[in-house]
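The sequence lines fix the lettering, A, B, ..., with proteins before strands; numbering per chain opens at 1. Quick caveat: nothing in here was measured; it's all calculated off a predicted structure.
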Amino acid sequence: MSEHIENDDSEASDGGHSVLEAERSKRYAKIDEMRSAGLEPYPYRFDRSHTLSDLRAAFGDLEAGTETEQQVSVAGRAMLIREQGKLIFATLKDRDGEIQLFVSKAIVGDEAFAEFGALDLGDWVGAEGTVMTTRKGELSVKVERFVLLSKAVRPMPDKWKGLTDVDTRFRQRYADLIVNDEARRTFRVRHEMISSFRRTLAEMSFIEVETPVLHVEAGGAHARPFITHHNALDMQMYLRIALELHLKRLIVGGMERVYEIGRVFRNEGLSPRHNPEFTMMELYQAYGDYSEVMNITEELIRRAATDCLGTTVVDINGTECDLTDPWPRHRMIDLVARATGVDIHPSMPLVKLAALAEEHGSKPEPHWNAGKLIDELFAATVEQSLVRPTFVTGHPVDISPLARRDRNDPYLTERFELFVGGRELANGYSELNDPREQRMRFEEEQSAKESGNLEAGTVDEDYLRALEYGMPPTGGLGIGMDRLAMLLSGVHSIREVILFPTLRLEQF
RNA sequence: GGGCCGCUGGCGCAAUGGCAGCGCAUCGGACUUUUAAUCCGCGGGUUCUGGGUUCGAGUCCCAGGCGGCCCA
């Protein structure tokens, strides 16, 4: 009605967004008109009889041209509106379904028909009527009454092409989820994966626990932490970089089988595979060692694949893999030896390892120890080739400060990492439970930190005290849940499996 | 941190250095079985920001911002 009043200066000086502003003010005006007509544009609730997929399940096999007496009420967002003279067809979308509304002027009357015509794409709508199919067989609700449930004031992205700009997709995930079914599906897979883990672990008698996010020591992994401050205690604290040390305290306490699915924080760069906050699942099992934990890892992931995808056959970077095939287990030093043609062992002279690492493209730093050099060699020569699920075992002691020594080789640990698609997916070991040896390992970490390694750890005195009370033989596991979600949903950026990934500050 | 690429109406995309255009959406009109409805018509831009070169810059140059990919 009053669209042409806006050629005054206030709109022009608003700066650059006049199209959007015009659309928004038009829709706000509709809200105001409703209110002055005594209608509520934002009602408090709506009772629906069926979700849209319920409706399709119940009536999906009706023949074309069927009219039923079945009264239903449905709700969703108007995604498409097609006006056709004295008929309007609208596609309503809810969490996991779509349905067509069939609105006839003859049925709803002139006034309601005009109101329906005034709906905008993106509006939330509730509708009551009977179930029918059109001549072409489209399942529809023949609308008798409808109500605006909430007004969309901002226009939807392109109804066909959706939203493709990744920056906008991640910053405005709400808009992404409205129009991109793939995004919805990915987070559905993520949910199924996590609930599958919880079911499997419950069957295995694990107890889910929650341990602190605010830590006094940032231990359990090699990573730089986020630092924060507690005002009342006037104390520096760290956001956790791992779940490990608190969960093992619970093993000391006799809880025997515990796990936690929780957010950890690492103050590092962003990449398609790294987000500063991500989700780990860690579990600890008394009386077990690393080989048993590898079995648990296989079971968890196979069942998650079945629960998410209905199959254990997954595509990994173009290679079709059946996760029920046995997952090979190889020592890291054997894989590196095979790849380089040189026998490898942490007892070798450092200079030989450094030379070899340099030969394979690393730039060894003076403080690198034998374990670090072997790890670099592994990354350079082996890692990428491990497409099918493969357990890499026997990591050197000096890069595994919380893992127990290999019972057959004191230079190595009873540790494993699971690689899938050339990426580390899980990490576990027979847990080190000798408090004196743990103290020595911590002290080595501490001195590495003091000589400039920002990722090295510190001596966690409380953890050592816990170990002195006695920790039973224990196997532990950590799984990167985001990376597993990537694998199961077939996406290649961690940002596709994190609803609100970390981004640089947006300028408004 | 380095290299390459991108940024144009709300969204998706065009434009040998020479009038900034198309599709969707919006707005007006027609249409009682459409379904990316169709048909007719009208609007809407500080081309990411700031400098520079040029008669003339979305385009070329410099700096910055945000993003993507690769590398470290």
Does A:D158 get its side chain close enough to the base of B:rG23, under 3.5 Å, for a donor-acceptor pair? yes
Counting distance alone, no hydrogens or angles: does the base of B:rU34 have a donor or acceptor under 3.5 Å from a partner atom on the side chain of A:Q100? yes
Quote, to the nearest angstrom, the [atom1] distance that separates [N] from [M].
N      : M      : atom1 : result
B:rC19 : B:rU33 : C1'   : 46 Å
B:rA72 : B:rC13 : P     : 31 Å
B:rG23 : B:rG41 : P     : 11 Å
B:rU8  : B:rC70 : P     : 23 Å
B:rG51 : B:rA57 : C1'   : 13 Å
B:rG28 : B:rU59 : P     : 37 Å
B:rG21 : B:rG9  : C1'   : 11 Å
B:rC24 : B:rC39 : P     : 9 Å

For the residue pair A:W327 and A:F391, does the interplanar ring angle fall in the parallel (under 30°), tilted (30 to 60°) or perpendicular (over 60°) class? tilted
Could you check whether the rings of A:F59 and A:H50 sit parallel, tilted or perpendicular, using 30° and 60° as the cut-offs? tilted
Nearest-neighbour nucleotide for the [X] side chain, [options] considered:
X      : options                : value
A:P272 : B:rU26, B:rC70, B:rA25 : B:rC70
A:A106 : B:rC27, B:rU34, B:rU32 : B:rU32
A:F102 : B:rU33, B:rG10, B:rG67 : B:rU33
A:D120 : B:rG12, B:rC27, B:rU32 : B:rC27
A:L503 : B:rU34, B:rC24, B:rG67 : B:rG67
A:D167 : B:rA36, B:rG67, B:rC27 : B:rG67

Is there a side-chain contact between [X] and the phosphate of [N], meaning an N or O under 4.0 Å from OP1 or OP2?
X      : N      : answer
A:Q84  : B:rU33 : yes
A:T134 : B:rU34 : no
A:K161 : B:rC24 : no
A:T164 : B:rC13 : yes

Taking any heavy-atom pair under 4.0 Å as a contact, classify [X]: base, sugar-phosphate, or nothing.
X      : answer
A:G65  : nothing
A:K159 : sugar-phosphate
A:A175 : nothing

Verify whether one side chain among [X] and [Y] offers a donor that lies under 3.5 Å from an acceptor in the other.
X      : Y      : answer
A:E128 : A:S73  : no
A:H222 : A:E445 : yes
A:T458 : A:E217 : yes

Under 3.5 Å for both donor-acceptor distances, Watson-Crick or wobble: does [N] have a partner, and if so which one?
N      : value
B:rG21 : B:rC13
B:rA63 : B:rU49
B:rU8  : none
B:rG1  : B:rC71
B:rU38 : B:rA30

Nearest whole Å is fine: how far is [N] [atom2] from [X] [atom1]?
X      : N      : atom1 : atom2 : result
A:E496 : B:rC69 : CD    : P     : 9 Å
A:R171 : B:rC7  : CZ    : P     : 17 Å
A:E138 : B:rU32 : CD    : C1'   : 17 Å
A:L20  : B:rG9  : CG    : C1'   : 10 Å
A:L119 : B:rU26 : CG    : P     : 12 Å
A:R82  : B:rU32 : CZ    : P     : 16 Å
A:L270 : B:rC66 : CG    : P     : 12 Å
A:Q384 : B:rC70 : CD    : C1'   : 12 Å

Report the residue (A:R504 or A:G361) whose heavy-atom-nearest nucleotide on RNA chain B is the more 5′ of the two. A:R504
Heavy-atom nearest nucleotide on RNA chain B taken for A:I81 and for A:T502; more 5' hit belongs to A:I81
Check: A:F116 and A:F146 side chains under 4.5 Å, non-hydrogen atoms: yes
Does some side-chain heavy atom of A:K30 sit less than 4.5 Å from a side-chain heavy atom of A:V153? no
Given the options A:R77, A:R27, A:R154, A:D120 meets salt bridge (Lys or Arg N to Asp or Glu O under 4.0 Å) only with A:R27
